[in-house]
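Before any comments, here is the structure.
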Number of protein chains: 2
Amino acid sequence: MQQRLPVIRSFGPIRSLTPVAKPSKENSPITEHLAYLLAQANREINRQLETRLSKEGVPVEQWRILKVLSDGNGHSMGELADAVLLNHPTLTKMIDRMVSDALVYRVQDPKDRRKVLMFVSDHGKALSRRLNSLAVSQEEHIVESYGDKSTNELKRLLESLIGTAN
Amino acid sequence: MQQRLPVIRSFGPIRSLTPVAKPSKENSPITEHLAYLLAQANREINRQLETRLSKEGVPVEQWRILKVLSDGNGHSMGELADAVLLNHPTLTKMIDRMVSDALVYRVQDPKDRRKVLMFVSDHGKALSRRLNSLAVSQEEHIVESYGDKSTNELKRLLESLIGTAN
DNA sequence: TTGAAAATATTGAATATTCAACAATTGAAG
DNA sequence: CTTCAATTGTTGAATATTCAATATTTTCAA
């Protein structure tokens, strides 16, 4: 006669009393918030880029401005402000400085005289090329330590986040 | 006699003269740079969070400070500055304001009298809870439109980027 | 133990950013 | 056409951030 095996009534603690379906987030550390991780990563990468560009004595925002204007087309202030992630008065004042440095110049838009079209000077173009090579070398450095796959995947996810956020 | 087939000398354009292995990056638009994508995404998400927190009239940085201090332990100014992504003088001045608002208070560290330990008040704790629920609801909103999988994958990649960047 | 160097936080001046108001131009309704 | 609202860019004042210098305390080597 086959021996009765003991009935197993439980495999462990009663799970319904230790809720597992609700990770709750309420008390999660700040380092788990997307907003915080983005701020931290941005800060770090921006610092690195800033360090590179300091070789030319130029802030990151001016690199962005020069890069956008380097397509040779005129860009209005509003358009430019959006593109380089600055609000209007800040951009106006930064452009004032860049005009003083003869990197860019203003032209009133003949089609709409409220607008100002910004253009990059030859001097600005030359600087832009040097800055761009510094920026590219930074990105290559990131790819080296962080990996090509991760970098591309991260870019893809960021683009998609930006897309859904608007 | 078998007919001679013409000798095929080329299958198309000579590839080595139209380099295909070098995406070059040199002239890529700014929107393809990791540094730019991070800045853009951070700006957008931060804006959203700022809007939520404005219900309590509190800037994002104060939410971070309150959240870090809400573990109940004392945190030195230096430690706190690192944690909340502010440099020291900026933190000192923001803490001054928060002390005026009775959200936090300073205690000199008895073990090392160079240090100041920051603590959150009961009032600050209550505010922190309200802020946190606003922040959590924002993150839930992101997860809704962006997807749970993407959000988690993005967080993972950001953490890893931050890890390798240091 | 003493004295110099390092670590920690704050301050004040210089700089930068933001907010609100403004001026100029265009668009559009009546 | 005229007028009023919307768009675009700039300005000045208020606010915030950053840099360099300072004060205090601790660390550590001689």
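Every chain is numbered from 1 and lettered A, B, ... according to where its sequence line falls, protein lines coming before strand lines.
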Review point. Does B/Leu38 reach the side chain of B/Leu161, with side-chain heavy atoms less than 4.5 Å apart?
Key: yes
Exercise for review: Just jot down the side-chain hydrogen bond (donor to acceptor under 3.5 Å, both in side chains) partners of B/Thr31, sequence neighbours excluded, or say none.
Suggested key: none
Check your understanding: Within this structure, what is the CD-to-C1' distance between A/Gln62 and C/dT17, rounded to whole angstrom?
Key -> 15 Å
Review point. Linking I/L/V/M/F/W/Y whenever their side-chain heavy atoms sit closer than 4.5 Å, directly or via other members, would A/Leu157 and A/Ile45 fall into one cluster?
Key: yes
Practice item. Round to a whole Å and report the spacing from CG of B/Leu80 to P of C/dT10. Key: 11 Å
Check your understanding: Should B/Arg113 be listed as having a side-chain N or O under 4.0 Å from OP1 or OP2 of D/dT24?
Key -> no
Point to revise | Per-nucleotide protein contact string for nucleotides 4-10 of chain D (B base, S sugar-phosphate only, - none; heavy atom under 4.0 Å) | key: ---BSSB
Exercise for review: Provide the full list of salt bridge (Lys or Arg N to Asp or Glu O under 4.0 Å) pairs with a residue in residues 50-62 of chain A, sequence neighbours left out, each pair given once.
Suggested key: A/Glu56-A/Arg130
Practice item. Classify the angle between the aromatic ring planes of A/Tyr105 and A/Phe119 as parallel (below 30°), tilted (30 to 60°) or perpendicular (above 60°). Key: parallel
Study note, to complete from the structure: Rounded to whole Å, CE of B/Met94 lies from P of D/dT18 at a distance of 11 Å
Check your understanding: Is there any salt bridge (Lys or Arg N to Asp or Glu O under 4.0 Å) pair reaching into residues 83-106 of chain B, and which pairs are they, with sequence neighbours excluded?
Key -> B/Asp96-B/Arg106
Exercise for review: Assess the side chains of B/Asn87 and B/Thr90: does a donor N or O sit below 3.5 Å from an acceptor N or O?
Suggested key: yes
Protein N or O to nucleotides 13-15 of chain D N or O, pairs below 3.5 Å:
none

Point to revise | Nucleic acid contacts - residues 38-55 of chain A versus DNA chain C, non-hydrogen atoms under 4.0 Å | key: none
Practice item. Mind calculating the distance between CD1 (B/Ile95) and C1' (C/dA9) to the nearest angstrom? Key: 12 Å
Point to revise | Between P of C/dT10 and CZ of B/Arg97, the distance in whole Å | key: 13 Å
Check your understanding: Under 4.5 Å between any side-chain heavy atoms of A/Ile142 and A/Gln138, yes or no?
Key -> yes
**Study point:** Euclidean distance, B/Ser121 OG relative to B/Met98 CE, rounded to 0.5 Å
**Key:** 9.0 Å
Review point. Which comes earlier along DNA chain C counting from the 5' end, the contact point of A/Asn87 or that of A/Gln108, where each point is its nearest nucleotide?
Key: A/Asn87
Exercise for review: With side chain to side chain donor-acceptor pair (under 3.5 Å) as the test, would you mind laying out the steps for A/Thr164 and B/Ser145 before giving the verdict?
Suggested key: CA-CA 7 Å; A/Thr164 68; B/Ser145 46; 4.8 Å; no
**Study point:** Taking every non-hydrogen atom, the tightest pair across A/Lys67 and A/Asn132
**Key:** NZ-OD1, 2.9 Å
**Study point:** Nucleotide C/dA9, atom P - distance to CE of B/Met118 in whole Å
**Key:** 11 Å
